[in-house]
4 protein chains.
Amino acid sequence: MKTQLLQDLALANRILFNEGVLDGFGHISVRDPSNSQRFYISRMMAPALVTVDDLLEVDLEGVVHDSAGRRTYVERFIHSEIYKARPEVQSVVHSHSPTVIPFGVTGTRLRPVCHMSGFLGGKTPVYEIRDFIGERSSLLVTNQKLGKALADTLGEENVALMRGHGSVAVGTSIKQSVYRAFYTEVNARLQAQSLALGEPIYLTEGECEETTEAMEVHLDRPWQLWVRRAKAAALDDHGA
Amino acid sequence: MKTQLLQDLALANRILFNEGVLDGFGHISVRDPSNSQRFYISRMMAPALVTVDDLLEVDLEGVVHDSAGRRTYVERFIHSEIYKARPEVQSVVHSHSPTVIPFGVTGTRLRPVCHMSGFLGGKTPVYEIRDFIGERSSLLVTNQKLGKALADTLGEENVALMRGHGSVAVGTSIKQSVYRAFYTEVNARLQAQSLALGEPIYLTEGECEETTEAMEVHLDRPWQLWVRRAKAAALDDHGA
Amino acid sequence: MKTQLLQDLALANRILFNEGVLDGFGHISVRDPSNSQRFYISRMMAPALVTVDDLLEVDLEGVVHDSAGRRTYVERFIHSEIYKARPEVQSVVHSHSPTVIPFGVTGTRLRPVCHMSGFLGGKTPVYEIRDFIGERSSLLVTNQKLGKALADTLGEENVALMRGHGSVAVGTSIKQSVYRAFYTEVNARLQAQSLALGEPIYLTEGECEETTEAMEVHLDRPWQLWVRRAKAAALDDHGA
Amino acid sequence: MKTQLLQDLALANRILFNEGVLDGFGHISVRDPSNSQRFYISRMMAPALVTVDDLLEVDLEGVVHDSAGRRTYVERFIHSEIYKARPEVQSVVHSHSPTVIPFGVTGTRLRPVCHMSGFLGGKTPVYEIRDFIGERSSLLVTNQKLGKALADTLGEENVALMRGHGSVAVGTSIKQSVYRAFYTEVNARLQAQSLALGEPIYLTEGECEETTEAMEVHLDRPWQLWVRRAKAAALDDHGA
């Protein structure tokens, strides 16, 4: 079962690149189902090239447990602090997906305009790193304090934007966090285009709840497609 | 002949994905030419992966007739109710095509700006599901009542938008419904870009009629292209 | 030499599709270098699939000369009338390239914002078919009268837009008409994006002349690329 | 070591095309590490097709040193004059990347909205060739005087826009100039989309410095991806 999980995690890295959510940067992790104090994430590399052999085990203090001494991303604290704060979360995606960033740097709030993205709810928060470290930083979440501040900003939501940087999406499974990261980007495109045409009708709170529940049972449908596409677009000779 | 029809339906699924009309969701159906009370549609799966073996027969009450007991989409009532209301319609596409959704959530009406999309006519209607089920729904067309309301909204038009959800396009053949779904999305892009530049000159009613008739005889031209492209981009080992 | 010309014409069809200028519709022709009263164009089919065997000879009255009795596009009069009016023109592209259409349906004039598209000059004209056939037409250029009206609108320019329909680009060679059709679309994207940011600085008349002359000698550079890409993306088993 | 450098330069040409920074035009060069008065650049051809065999050695007066007498780009003075003015610069990219051009023709200044593009700093300059050669030019940098004017405009910045033409990005290595050219285009897209939503929060001067330093150590991550993608998309039979 852990083999399947790690294969899914490697695939998810490639899917997120292949579907335009990640570029050369960004990462996805999954919590260890047999040890809630550990999670898996790739070593520091471009997600499109990740295979099972590149996955490392990290604890909730951000320490890598790898006999080969390999390093993971400096922003691993995004993951560790969210796992600490949210026991039900099993997977976290951090991306720079392109249409989400503009919502993070302007006052325009990201809100769901279609049933695919009801999980955004009514108040997608924006993490302003300046509030925690001042106006002279790398914008990167490089330690526990900044990771905790991000987890606090996220609160009980499924997605948080990071000003001038990107966003995080969480889920109770790899399939769900991938679905959410993907449809956060889709919604950003739909909302931006809607705003250019007029004042959009957003989903009501009730519609957010009902659509989230309704789509939840269909996560396998796009996943099967994305897997097939990622395999067809494979950039290497390794199976995942 | 039914073999050809089912092959075309499987191909149409893959074409609609390949040309950017469908993503992991959405569906296309065709009425059974030998039994107007039945239609064919894929089992519940991503359209890009559909082959002939995945096609099911469904009646106009939405009941699947499949010896293997397979299930189709919960939104099959979109199809069954339109077939009930519109005897001349032989094929229905339901999509979330991305540039059409913004027209469904703003007051800006989708109107034809070029000769390829004259079939849109002058008054593309928008289906507001809140009018029929209130402000707390999944937005999905999950029963006959909601399907009938959508068919009523569509009326005698070729395309209807669904607020916060997507759209439907109908035709007298698979090729025509696919053409219409594709050029509805194209027109949405053209119209959105036109609106950013100034006030567009829309097709007159007469131009809508004449262009629809003129293009009708050329449906095979893009179809041949789309078939070739779908086959070249096939994600599986099955022929359709 | 004619063999090379016809191979280039077949390739140009596929290039124009592959580079996003044509979709399932549109066409390119080349004048017969040994008989200025004739031109070559594909039979009625999607340009992406055209091979040398699909090319037909047509005279300037729009009559096809083909022993097999094959038909070409109903809009062949776009080509025949431009060849009549402009003796120096050797190749004509008619496209529905997507970002050009919005300029044809709004009052915003297409004007060059970069050195690649200086050939647009200062006054890209727009052909309004209503002026010649009224408000109830198919918008198609289906006879000599409409073709002549389009040629008149084009005048001595290199590109003319057609309201609600597309555009034409002409050149003294296949490479030049393809280059112009491609960079007309590129310029439309650049200009639309510029207009969203502020008032663009357009090329002066002198810059239009100088850039056109300067780029003229470099047509082979993108052509070699486009040929390679079209061959890599070939949708059929035929060489061109 | 020079072999590796030239392989990287050939690959960089193909990467910049494959990632949408260059089209049929544009060029990248690298300074000769063993002779600071010389640089390498392709012969005059489409960058997507460049292999090691196409690379030429040019001196800082713009003279090509090639026993076969091959020619390079007429705009080689962009490179030679920047290398003269900026001893620390080891690589220069000149592109027409599409979303950057609109910032060069309007008063809207290109400014960093995300941590990937902090290298843009606070005052990306715009080169107006009319200031140096008047209102009747080809816009091309065809001699030393125009190259020097561009280098003067660039000053100590990493990127300069060229009105109606494109931009230049410089770096202390091929990987850095490629990274900067790519994320200049990315930032232009992000900034344009942000401006459509509201007033963006730009990076502070301190954030520009810190993000530039922080990303500097991660140049290999996207580079490995881009190499893999360029090789997978190779349009020829030559290795680089």
Side-chain angles (χ1 to χ4, degrees), chain C residues 15 18-20 99 111-120 175 178-179 182-183 185-234, chain D residues 13-14 17-18 22-27 42-50 73-75 96-110 126 128-130 133-142 162-167 188-189 191-196 233-237:
Chain C
I15 285 169
N18 202 44
E19 302 299 335
T99 322
R111 292 181 61 185
V113 292
C114 91
H115 71 300
M116 314 298 290
S117 44
F119 60 84
L120 287 172
K175 288 176 191 174
V178 168
Y179 173 94
F182 178 83
Y183 279 103
E185 171 67 13
V186 167
N187 190 81
R189 290 198 294 263
L190 294 175
Q191 187 181 354
Q193 292 175 336
S194 299
L195 285 162
L197 294 179
E199 178 60 25
I201 300 171
Y202 295 105
L203 265 55
T204 62
E205 198 177 323
E207 287 172 342
C208 286
E209 288 170 23
E210 293 297 317
T211 54
T212 302
E213 192 180 318
M215 298 312 298
E216 180 68 11
V217 297
H218 298 302
L219 298 178
D220 256 335
R221 212 188 303 173
W223 177 262
Q224 292 303 333
L225 170 65
W226 294 333
V227 166
R228 206 75 80 86
R229 278 166 54 84
K231 288 185 172 175
Chain D
N13 272 276
R14 290 149 56 179
F17 170 74
N18 203 42
L22 302 182
D23 64 354
F25 299 95
H27 14 89
S42 170
R43 65 183 178 89
M44 190 191 285
M45 65 184 292
L49 307 179
V50 169
Y73 305 105
V74 293
E75 296 199 292
H96 309 154
S97 88
T99 324
V100 175
I101 290 177
F103 284 88
V105 301
T106 57
T108 303
R109 189 141 48 107
L110 187 68
V126 179
E128 173 50 275
I129 200 168
R130 286 182 195 163
I133 199 174
E135 299 211 349
R136 188 180 174 81
S137 83
S138 69
L139 301 183
L140 300 177
V141 179
T142 52
M162 303 160 76
R163 193 270 310 160
H165 184 161
S167 54
R189 290 197 296 260
Q191 186 181 353
Q193 291 175 336
S194 298
L195 285 163
L235 289 166
D236 51 62
D237 304 327

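In what follows, every chain begins at residue 1, and chains take the letters A, B, ... in the order their sequences are listed.
- The candidate from Glu209(C), Glu210(C), Glu207(C) with the greatest count of non-hydrogen atom pairs under 4.5 Å with chain D is Glu207(C).
- No other option in Tyr183(C), Trp223(C), Trp226(C) has as many heavy-atom pairs under 4.5 Å with chain D as Tyr183(C).
- Heavy atoms of Arg221(C) lying under 4.5 Å from chain D belong to its backbone as well as its side chain.
- In terms of non-hydrogen atom pairs under 4.5 Å with chain C, the most contact-rich of Ile129(D), Leu195(D), Thr142(D), Ile101(D) is Ile101(D).
- Contact count versus chain C (heavy atoms, under 4.5 Å) is highest, among Pro47(D), Ser138(D), Gly24(D), for Ser138(D).
- Of the atoms belonging to Ala196(C), not a single heavy atom falls under 4.5 Å from chain D.
- Heavy atoms only, all atoms of each residue included: Val113(C) and Val105(D) are closest at O-CG1, 3.6 Å.
- When each of Gly107(D), Pro98(D), Ser137(D) is scored by its heavy-atom pairs under 4.5 Å with chain C, the top score falls to Ser137(D).
- Applying the ring pair (Phe, Tyr, Trp, His ring centres under 6.0 Å) rule to His218(C) yields no partners; only residues at least two apart in sequence or on another chain are considered.
- Arg163(D) is listed as a side-chain neighbour of Leu203(C), based on a closest heavy-atom distance under 4.5 Å.
- Within the 4.5 Å cutoff, side-chain heavy atoms of Arg229(C) are placed close to those of Leu235(D).
- In this view, Phe17(D) satisfies the ring pair (Phe, Tyr, Trp, His ring centres under 6.0 Å) rule with no residue, not counting sequence neighbours.
- With a 4.5 Å cut-off on non-hydrogen atoms, Glu199(C) touches chain D through its backbone but not through its side chain.
- In this structure, no portion of Glu213(C) lies under 4.5 Å from any heavy atom of chain D.
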